[in-house]
Amino acid sequence: MNSTDATSILAPDTAQTFLRAIELTPVDGPADSSFEATTQYVPWPKAYGGDMVAQATAAMQATVGTDRALHSMHSYFMRPVNIGAPVRYDVEVLRDGRGYSTRSVRGIQNGKTAFTALGSFHVPEDGPEFQQPAPEAVDPESLRTAAEALEGATGAASDYWAHGRSFDMRHIPDPLYLTSDAGSVPAQAVWVKAFDALPDAADAKATADLHRTALTYVCDYTILETLLRVRGLNWSSPGLATASLDHAMWFHRDGRADDWILYAQDAVSVQNNRGLAMGRFFDRSGRLLATVAQEGMIRG
């Protein structure tokens with residue numbers, strides 16, 4: 001695929017790649033509810049893992065009442081998924097209680113389970129609040145965009161990183177697209193924001209669900225980069241192979257993914273060509289929106 005074709009597919013510098021990824025079509029299936037969604041273009045042999053997490057989130061959200069919201073999700077990536085091809089999501093109703101609901105979902109492609117997750121939903125309650133404070137970070141406007149960081153670079157990967165991921169991502173310290181972090185810093189922060197406004201839904205609950213789904217989509221792009229920093233690698237390192245293995249996410253407060261959100265990330269452990277990283281999403285006022293834990297394979 002040449003750069004012109006890729007740019008057309010990417011809908012550059014818009015949120016359309018994300019919005020297309022979470023379009024669900026109800027289909028017949030063996031579960032309580034089944035949906036299909038299509039993975040989006042990436043310039044690599046397998047689909048982006050965030051497609052599956054966000055699509056599974058949207059499928060589970062479509063099966064619960066409007067009085068409750070997703071508060072936790074635990075996922076396993078089991079097989080690579082083809083790009084630009086449908087995945088069927090079979091959702092099972094495990095429990096619907098007065099305060100909580102539980103769903104399981106399987107993503108199936110080519111007759112095999114490629115992704116599986118559990119999600120728990122909670123009816124909001126009033127109660128005391130506490131959170132860890134947001135880390136200090138420079139304003140996103142003072143940082144380079146991905147396109148500016150990649151100025152002069154050519155190729156499908158650079159085009160995708162710069163324009164095709166639906167989100168403006170600005171790194172602290174410098175990103176790992178082409179060069180490694182000589183200091184092997186086991187932490188980073190990324191300001192993220194949808195390239196353009198995400199559409200408001202018919203009601204506040206559906207709108208909040210959309211922005212929650214956006215966090216599940218964008219979180220997988222950079223969470224393993226702290227592990228690359230520890231190993232002195234970058235996304236262009238010869239022989240690098242990475243894969244998301246499992247993923248957990250907890251949702252604390254509602255926020256908007258088309259406003260700037262600080263994604264603070266830390267490496268926890270690296271061993272056996274696997275690593276664990278943690279991430280926290282804060283809105284610009286410092287409210288903690290969500291927490292992420294992800295294990296990944298890193299070979300290089």
Side-chain angles (χ1 to χ4, degrees), residues 50 53-54 56-57 60-61 64-75 94-103 117-140 143 167 169-172 185-194 198 203-227 246-269 275-295:
V53 181
T57 299
M60 289 191 292
Q61 286 173 335
V64 300
T66 59
D67 63 333
R68 56 201 64 200
L70 184 67
H71 74 90
S72 69
M73 183 177 183
H74 300 263
S75 310
L94 300 184
R95 178 176 184 263
D96 274 326
R98 287 179 296 178
Y100 288 87
S101 291
T102 309
R103 299 290 187 267
L118 284 172
S120 183
F121 296 77
H122 180 217
V123 177
E125 302 177 24
D126 292 329
E129 288 205 9
F130 167 81
Q131 67 165 72
Q132 292 287 344
E136 295 290 331
V138 299
D139 291 339
L143 298 169
F167 289 83
M169 295 182 231
R170 307 188 183 192
H171 282 69
I172 310 167
V185 178
Q188 68 175 20
V190 185
W191 284 103
V192 299
K193 179 171 73 74
L198 298 178
D203 56 73
K205 164 64 165 54
T207 298
D209 281 349
L210 174 64
H211 289 271
R212 199 173 293 112
T213 304
L215 294 186
T216 69
Y217 179 85
V218 74
C219 73
D220 192 33
Y221 275 125
T222 58
I223 186 65
L224 298 184
E225 289 181 349
T226 56
L227 309 179
D246 64 305
H247 173 281
M249 196 163 183
W250 298 264
F251 303 90
H252 312 303
R253 297 167 182 84
D254 291 343
R256 291 195 66 95
D258 50 9
D259 288 338
W260 284 114
I261 293 174
L262 182 68
Y263 190 10
Q265 304 162 8
D266 297 277
V268 177
S269 180
L276 178 67
M278 298 287 294
R280 294 177 295 163
F281 286 101
F282 297 89
D283 70 12
R284 198 156 186 179
S285 69
R287 296 168 60 248
L288 179 61
L289 305 182
T291 301
V292 183
Q294 185 156 316
E295 186 178 38

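Below, each value reflects all heavy atoms present in this structure, side chains not excepted, and no hydrogens, waters or symmetry copies.
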Taking atom [atom1] of [X] and atom [atom2] of [Y], what is their separation to the nearest 0.5 Å?
X: Leu118; Y: His74; atom1: CG; atom2: NE2; result: 8.0 Å
X: Phe121; Y: Arg95; atom1: CZ; atom2: CZ; result: 13.5 Å
X: Trp250; Y: Leu288; atom1: CH2; atom2: CG; result: 12.0 Å
X: Arg68; Y: Asp209; atom1: CZ; atom2: CG; result: 12.5 Å
X: Arg287; Y: Phe282; atom1: CZ; atom2: CZ; result: 11.5 Å
X: Thr102; Y: Met60; atom1: OG1; atom2: CE; result: 10.5 Å

Can you find a pair of side-chain heavy atoms, one from [X] and one from [Y], that are under 4.5 Å apart?
X: His211; Y: Leu289; value: no
X: Leu227; Y: Pro186; value: no
X: Thr66; Y: Asp203; value: no
X: Gln188; Y: Val190; value: yes
X: Gln61; Y: Thr213; value: yes

Identify the two heavy atoms, one from [X] and one from [Y], that lie closest to each other, and give their separation to 0.1 Å.
X: Ile223; Y: Gln265; value: CA-OE1, 4.0 Å
X: Met249; Y: Cys219; value: SD-SG, 4.2 Å
X: Ala56; Y: Met73; value: CB-CE, 4.0 Å
X: Leu198; Y: Ala257; value: CD1-CB, 4.2 Å
X: Thr216; Y: Ala54; value: OG1-CA, 3.3 Å
X: Ala187; Y: Thr226; value: CA-CG2, 3.9 Å

Hey, would you say the Tyr100 and His122 ring centroids sit under 6.0 Å apart?
yes
Flag for [Y]-[X]: side-chain donor and acceptor within less than 3.5 Å:
X: Glu295; Y: His247; answer: no
X: Gln294; Y: Asp220; answer: yes
X: Arg280; Y: Thr291; answer: no

Test log, rule side-chain contact (heavy atoms from CB on, under 4.5 Å), inputs Val192 and Arg170:
CA-CA 7 Å; Val192 299; Arg170 307 188 183 192; over 6 Å; no
Carboxylate-amine/guanidinium contact [X] [Y], below 4.0 Å:
X: Asp96; Y: Arg103; result: yes
X: Asp258; Y: Arg256; result: yes
X: Asp259; Y: Arg284; result: no

Stepwise, does the side-chain contact (heavy atoms from CB on, under 4.5 Å) test hold for Arg212 with Thr57?
CA-CA 9 Å; Arg212 199 173 293 112; Thr57 299; 5.8 Å; no
Do you know which of Tyr263, Trp191, Phe251, Trp260 makes ring-ring contact (aromatic ring centres under 6.0 Å, His included) with Phe281?
Tyr263
